[in-house]
2 protein chains.
Amino acid sequence: MAPKDQAQGTENSGQLDFPRPLATVDVVIFAIRNEGLHVLLVQRPAGAGEPFPLSWALPGGFVDVAKDRDLEACAVRKLKEKTGVTSPYLEQLGSWGSAGRDPRGWSATHAYFALMPEEAGRTALAPDAQWFPVSAGRIKPKLAFDHGEILTAAVERLRNKVEYTSLPAYLMPAEFTLPDLQRVYEIVLDRPLEKSAFRTRILSADMIEPIAKMRRGPNRPAQLYRLKKGKEPVYFVRTFNPPE
Amino acid sequence: MAPKDQAQGTENSGQLDFPRPLATVDVVIFAIRNEGLHVLLVQRPAGAGEPFPLSWALPGGFVDVAKDRDLEACAVRKLKEKTGVTSPYLEQLGSWGSAGRDPRGWSATHAYFALMPEEAGRTALAPDAQWFPVSAGRIKPKLAFDHGEILTAAVERLRNKVEYTSLPAYLMPAEFTLPDLQRVYEIVLDRPLEKSAFRTRILSADMIEPIAKMRRGPNRPAQLYRLKKGKEPVYFVRTFNPPE
DNA sequence: TCAATAGTGTCTCTTAGACACTATCAG
DNA sequence: CTGATAGTGTCTAAGAGACACTATTGA
């Protein structure tokens, strides 16, 4: 039986006994690990009837209408289950739904993407979870379902937004220097940025504040900063000018 | 019964007999009509068991797992049913899902937003559909479900993107002048733009081309343009500088 | 002629890019 | 001292804002 259109019904379209798609939530979790962008994946179980057994996939799962108040709560729950942390940054990425993406039937997933510092992803990682480096917007193993496509979209979104926002701040540890932050921008954008322009932009954005400590090393010490409390991301009115 | 997590299952998580949320698609359809931003709404039916009877709502309805190949196809179908046209521009806006947004149960909607020229929205409008002016990002009647919130998000997204993209081109008729286009930018942004900078930006974006015709009136004729074939939206590297 | 709108040119200001320069540490 | 990295200053180029100026029509 096909669903009635919500607004057509002269008949009783309050009837709800038609097939419903499966509803899932998946989270693309990013962190910087040894100078590279990484994403957290989980290995699919091997049980009978399981689609894509032992393939790597984005952390996620079915919406639980009893446990989850709303979609974001569901995403937070998945994140917490896999990493033990609630990410400092979580944004909706989009939804993917079609007849064929899951062999178990018509399904739609609500995808989120999360940013966290490396330190956060180390403590309580689930046993089936593992960090994978992202190179050229892709991952080495072929992912389950359409998760490769979702990951590509997430990387693209992240790259785009890094051009004109302060998102990389959420990938930083609690205390960091300006050169640290610039390195993270450069890792995500995969191109060098000009130091002077970078510093001017970041410092005039009023997003970080210096703390009374320096990072000392074999050379000139660097001022340490932390994120300001009001932690909404900052939007710049220009992008970093693209090369060529 | 609660759904098993996709990736936890040592037991058989291939079991699918747990409650599923309702899945719908809603479309926010924008057009410019007499110098103002308008959105297309449909009136909800009055039948027994219908939520929000006779309230105005975004056009949309349940995903039909038999008819709809994927979410976008479902959105295109809704759009066609209500306007008779397939919009020149359709973009996913996001998804809203929670236990309480629909009195019939846990539901999630996949929201899209569409842009079309005024002319398109005149021919085959559904009898229950009507254009409403958007003022200050809101609509006069209180909308059904959480559609007011979705509409607000759509207007905000549109305003943001108009600052740095060529999206308003999709609100224009087939032939238009540069002052026409500027007026549409100004309507959406709700502030005047500077003529000279506007023309420079649009003309250097290589998105429109002059045709061999002028718009004649009681004053100096204006060059008519049309959208170039390759109709992807253009992204500028700067926003129009915000006031103050 | 004038009113009205289309379209151009000229100046200033902001900010990115390039790049040289100074500053401060360990050894 | 040297090497290394942090941080600043100076010049140029691009594009926006402001605004004056010219251009082309109908009446």
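Proteins get letters first, then strands, A, B, ... in listed order; numbering begins at 1 in each.
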### Pair Asp128(A) + Lys82(A), salt bridge at N-O below 4.0 Å
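Here Asp128(A) pairs with Lys82(A) in a salt bridge, since their nearest N and O are under 4.0 Å apart.
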
### Query
Salt bridge or not for Arg77(A) and Glu81(A), using N-O below 4.0 Å?
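The answer is yes: the pair qualifies as a salt bridge.
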
Anything under 3.5 Å between a protein N or O and an N or O of nucleotides 24-27 of chain C, put it in a table, one pair a line.
from    : atom 1 : to        : atom 2 : distance (Å)
dT24(C) : O2     : Arg220(A) : N      : 3.2
dC25(C) : O2     : Pro218(A) : O      : 3.4
dA26(C) : O4'    : Pro218(A) : O      : 3.4

Report the residues that fulfil ring-ring contact (aromatic ring centres under 6.0 Å, His included) with [X], sequence neighbours left out, ordered by chain and then residue number.
X         : value
Phe198(B) : Tyr185(B)
Tyr170(B) : Tyr89(B)
Trp96(A)  : none

Could you tell me the separation between the [atom1] atom of [X] and the [atom2] atom of [N], rounded to a whole number of Å?
X         : N       : atom1 : atom2 : answer
Asp180(A) : dG7(D)  : CG    : C1'   : 14 Å
Arg199(A) : dA16(C) : CZ    : P     : 14 Å
Arg215(A) : dA23(C) : CZ    : P     : 23 Å
Leu189(A) : dG17(C) : CG    : C1'   : 16 Å
Phe198(A) : dT8(D)  : CZ    : P     : 14 Å
Arg183(B) : dG7(C)  : CZ    : C1'   : 14 Å
Phe176(B) : dT5(C)  : CZ    : P     : 20 Å
Gln182(B) : dA6(C)  : CD    : P     : 9 Å

### Message
For Tyr164(B) and Tyr235(B), take the angle between the two ring planes, folded into 0 to 90°, and tell me which bin it lands in: parallel under 30, tilted 30 to 60, perpendicular over 60.
### Response
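Aromatic pair Tyr164(B)/Tyr235(B) classed tilted.
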
### Task
Could you pull out the closest heavy-atom pair between His147(B) and Ala57(B), with the gap in Å?
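Between these two residues, the closest heavy atoms are ND1-CB, 3.6 Å.
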
### Message
Test: ring pair (Phe, Tyr, Trp, His ring centres under 6.0 Å). Region: residues 210-230 of chain B. Which pairs qualify, not counting sequence neighbours?
### Response
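Residue pairs passing ring pair (Phe, Tyr, Trp, His ring centres under 6.0 Å), neighbours aside: none found.
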
#### Entry: Under 4.0 angstrom between Arg238(A) side-chain N/O and dT15(C) OP1 or OP2
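No, because none of the side-chain N or O atoms of Arg238(A) sits under 4.0 Å from OP1 or OP2 of dT15(C).
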
### Query
Does OP1 or OP2 of dT15(C) have a side-chain N or O of Arg201(A) closer than 4.0 Å?
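Result: no.
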
### Task
With Arg201(A) as the cation and Phe236(A) as the aromatic partner, state whether NZ or CZ is under 6.0 Å from the six-membered ring centre and within 45° of the axis.
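Checked: cation-pi criterion met.
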
Between protein and nucleic acid, restricted to nucleotides 18-21 of chain D and to nitrogen or oxygen atoms under 3.5 Å apart, what atom pairs and distances do you find?
from    : atom 1 : to        : atom 2 : distance (Å)
dC19(D) : N4     : Glu194(B) : OE2    : 3.0

